[in-house]
Number of protein chains: 2
Amino acid sequence: MDRLDRKILRLLQEDSTIAVADIAKKVGLSTTPCWRRIQKLEEEGVIDRRVAILNPEKVNARVTVFVSIRTNSHSTEWLRRFAEVIVQFPEVVEFYRMSGDVDYLLRVVVPDIPAYDAFYKRLIEKIEIRDVSSTFAMEQIKFTTEMPLDYLPVDK
Amino acid sequence: MDRLDRKILRLLQEDSTIAVADIAKKVGLSTTPCWRRIQKLEEEGVIDRRVAILNPEKVNARVTVFVSIRTNSHSTEWLRRFAEVIVQFPEVVEFYRMSGDVDYLLRVVVPDIPAYDAFYKRLIEKIEIRDVSSTFAMEQIKFTTEMPLDYLPVDK
DNA sequence: CGTGAAACGTACTAGCC
DNA sequence: GGCTAGTACGTTTCACG
C-alpha cells in the first residue's frame with residue numbers, strides 16, 4: 001500500500017461513482033494498473049463496501065441522541081444477549097463498549113423527541129439496564145465516513 | 001415516496017453497487033420505472049452521495065475517542081471560528097452541538113493512544129477550550145450508515 | 001407504469017511491450 | 001507498470017402500449 005493506493009482510497013471515500021479511468025487520470029496511472037489496484041484493495045478488505053448515503057432530513061431521521069448506558073456487572077452470556085438486543089434496533093446506528101465511567105454508548109437516530117421516547121420504552125422493555133442517560137444533539141456540524149489516511153505507513 | 005421507494009433506498013443503503021435491473025427485480029418493478037425512481041431520489045437529494053466504506057482496522061484507524069467539550073460563553077463569531085477549526089481535522093469524523101451539560105461532542109478516529117495525544121495537543125494549540133474530557137471506545141459493536149426508514153410516512 | 005430494443009459508456013479480460 | 005483492443009455488462013434513452 002503506497003502513495004497511489006492512498007490517493008485512490010481518498011477519491012473512493014469521497015465518491016464511489018467515479019470511473020476507474022478518471023481515478024487513473026487523477027492519480028497519474030493508466031486505467032489497467034489502476035483497476036488492478038482497486039481490485040486488490042477490495043480483495044484485501046481495505047475497501048469494505050460501497051453504500052448510498054441518504055440525507056437524514058429527507059428520510060425523517062432528524063434527531064440524534066447519544067445514550068450512555070451503565071449495566072450491572074453481569075455474566076459474559078448476559079452481555080452477549082444485551083449486545084444482541086441493542087444491535088437489532090435500526091435506530092441504533094452506532095454502538096460502542098466504552099472505557100471508564102460509562103459502559104456503553106449508543107448513537108440513536110429518530111424523527112423527533114416523542115419517537116425517541118417510544119424507542120426508549122421499547123429498549124428498557126427488552127433489557128434491564130442499571131442506568132441510562134440521554135443527551136440530544138442540537139446540530140450535526142460534521143459527519144463523514146472518510147477515515148483519515150495520513151496515518152498509513154508510507155509503504156506497507 | 002411510497003413503499004417501493006423505501007425498498008429501493010433500503011437496498012442502496014446496504015450496497016450501492018447493485019445493478020438497477022436487480023433492484024427492479026427485488027422490488028417488483030421493471031428496470032425503466034425503477035431507474036426513473038432512483039434518478040428522482042437523487043435529484044431530490046434523498047440519496048445524498050455514494051461512497052466507499054473502508055475497513056478501519058486496515059487503514060490504521062483502530063481507536064475511537066469521544067471528546068466532550070465545554071466552551072466558555074463566546075460571541076457567535078468565535079463559535080463560528082471554533083467550528084471551522086474543528087471541522088478541518090480529518091481525525092474528527094463526527095461533530096455535534098449538544099444540549100445540556102456538554103456543549104460539543106466529537107468522535108475522533110486515530111491509530112492509537114499516542115496518536116490521540118498528539119491530536120489533542122494540536123487541537124488545544126489551535127483553540128482555547130474551557131474543559132475537555134476524552135473517553136475511549138474499547139470496541140465498536142455496531143456502525144452503520146443505514147438510516148431507519150420505518151419512520152417515513154406511508155405516502156409522501 | 002410496462003415492455004423491448006437501441007445506443008452508449010464502463011468494467012473487465014487478454015495479449016503484448 | 002504501460003499500451004491497445006475486444007467482449008460483456010450495466011446504464012441511459014427512446015418509442016410505444
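Naming convention: chains lettered A, B, ... in sequence-line order (proteins, then strands); numbering from 1 in each chain. Note that this is a predicted model, so its numbers are computed, not measured.
- Evaluation of the salt bridge (charged side-chain N to carboxylate O under 4.0 Å, His left out) test over residues 137-147 of chain B, restricted to residues two or more places apart or in two chains, returns A:R97-B:E139.
- Scanning for side-chain contact (heavy atoms from CB on, under 4.5 Å) contacts around A:D112 gives A:P114, A:A115, with sequence neighbours left out.
- Atom pair A:K25:NZ and D:dG1:C1' shows a separation of 19 Å (rounding to whole Å applied).
- One can place CD1 of A:I23 at 15 Å from C1' of C:dG9, the figure rounded to the nearest angstrom.
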Contact string for nucleotides 2-17 of chain D, one letter per nucleotide 5' to 3', B = base within protein heavy-atom range under 4.0 Å, S = sugar-phosphate only, - = neither, reads BBB-----SSSSB---
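- Listed by first and then second residue, the side chain to side chain donor-acceptor pair (under 3.5 Å) pairs involving residues 13-33 of chain B are B:D15-B:T17 (not counting sequence neighbours).
- Atom-to-atom, CD1 of A:I38 to C1' of D:dG1 comes out at 15 Å; the value is rounded to the nearest Å.
- Listed by first then second residue, pairs satisfying ring-ring contact (aromatic ring centres under 6.0 Å, His included) with a partner in residues 128-151 of chain A read A:Y116-A:F136, not counting sequence neighbours.
- Within the structure, ring-ring contact (aromatic ring centres under 6.0 Å, His included) pairs that include any residue of residues 29-70 of chain B comprise A:Y96-B:F66 (at least two apart or interchain).
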